[in-house]
**Q** 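Got a structure for you, questions after.
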Amino acid sequence: MKILFICTHNRCRSILAEAICNHYGDGLLEAVSAGSSPAERIHPLTLRALRALNISTDKLCSQSRDDFENSQIDYVITVCDSAANEPCPTWFGNARQVHWGLSDPSAVEGDPETISAAFTHTINILKSRIRQVISWLQQDLNDDELFQRIKSLAD
């Protein structure tokens, strides 16, 4: 299954989701990420948090959702509220759309431990949700049941 994670700037949450999904995807999941208004670069703490977990950051870059216009995407998952409220391009076509709202750890202010804890919290949520999707993919679920379960992860 191919997933496109979207966040407005594609510099933190959607990048984390892409990297974690590809790292733990077991060949069942392939992820990319994009933004509606992509930043010039990935937030440095995003890269640091992934590297601390030995998750590859080699191919990560901030890019536009328009870059995937000709891609076959099964699921579009927004991970920030502003991206979820934006109109989706018509080229998403038959892709299932889900919102997994996550707080932005790069917006947290405070001492390094507080900021690190925010990144760890977001990463743990993503790891848990992605592992759950993998377990459902290993079951014999029909498309609608899988969709409802993936949507339920945001609750």
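The figures here come from the full heavy-atom set of this structure, side chains too, leaving out hydrogens, waters and symmetry mates.
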**Q** Give a yes or no on whether the backbone of R41 and the side-chain of S62 come within a donor-acceptor separation of less than 3.5 Å.
**A** no
**Q** Using a distance-only test with no angle check, is there a side-chain donor-acceptor pair under 3.5 angstrom linking Q132 and S135?
**A** yes
**Q** Under 3.5 Å, is there a donor-acceptor pair between the T114 and D111 side chains?
**A** yes
**Q** Report, as yes or no, whether the 6.0 Å neighbourhood of atom CD on E40 holds more than 12 heavy atoms from other residues, nucleotides or ligands.
**A** no
**Q** Could you state the interatomic distance from CG (D26) to SG (C21), rounded to the nearest 0.5 Å?
**A** 10.0 Å
**Q** Strictly by modelled atom types, are T78 and H99 linked by a side-chain donor-acceptor pair under 3.5 Å?
**A** yes
**Q** If you count heavy atoms of other groups shown closer than 6.0 angstrom to CD of E109, is the number above 12?
**A** no
**Q** Between D104 and R13, is the closest basic N to carboxylate O distance under 4.0 Å?
**A** yes
**Q** Has R131 got its NZ or CZ under 6.0 Å from the middle of the six-membered ring of Y24, at an angle within 45 degrees of the ring axis?
**A** yes
**Q** Apply side-chain contact (heavy atoms from CB on, under 4.5 Å) to residues F68 and Q63 and explain how you reach the verdict.
**A** CA-CA 9 Å; F68 297 97; Q63 52 198 338; 3.4 Å; yes
**Q** Donor-acceptor pair, S71 side chain versus I73 backbone, under 3.5 Å?
**A** no
**Q** Quick one: does W100's side chain have a donor or acceptor within less than 3.5 Å of a partner on K151's backbone?
**A** no
**Q** Taking atom types as modelled, find out whether T57 and R51 have a side-chain donor-acceptor pair closer than 3.5 angstrom.
**A** yes
**Q** Under a 3.5 Å distance rule, please check whether N22 uses its side chain to pair with a backbone N or O of E30 as donor and acceptor.
**A** no
**Q** Counting N and O atoms only, with roles assigned by atom type, does the side chain of D74 sit under 3.5 Å from a partner on the main chain of K2, one being a donor and the other an acceptor?
**A** yes
**Q** Distance-only, no hydrogens or angles: does the R11 side chain make a donor-acceptor pair with backbone N or O of A39 under 3.5 Å?
**A** no
**Q** Could you tell me which non-hydrogen atom of V108 sits nearest to which non-hydrogen atom of A118, and how far apart they are?
**A** CG2-CB, 3.6 Å
**Q** For H43, I'd like to know if atom NE2 has over 12 heavy atoms of other residues, nucleotides or ligands within 6.0 Å.
**A** yes
**Q** Show, in sequence, the C-alpha distance, side-chain angles and deciding distance for E18 and L50, and conclude whether the side-chain contact (heavy atoms from CB on, under 4.5 Å) test is met.
**A** CA-CA 11 Å; E18 173 187 359; L50 291 169; over 6 Å; no
**Q** Tell me if a side-chain donor or acceptor on N124 pairs with a main-chain N or O of H121 at a distance below 3.5 Å.
**A** no
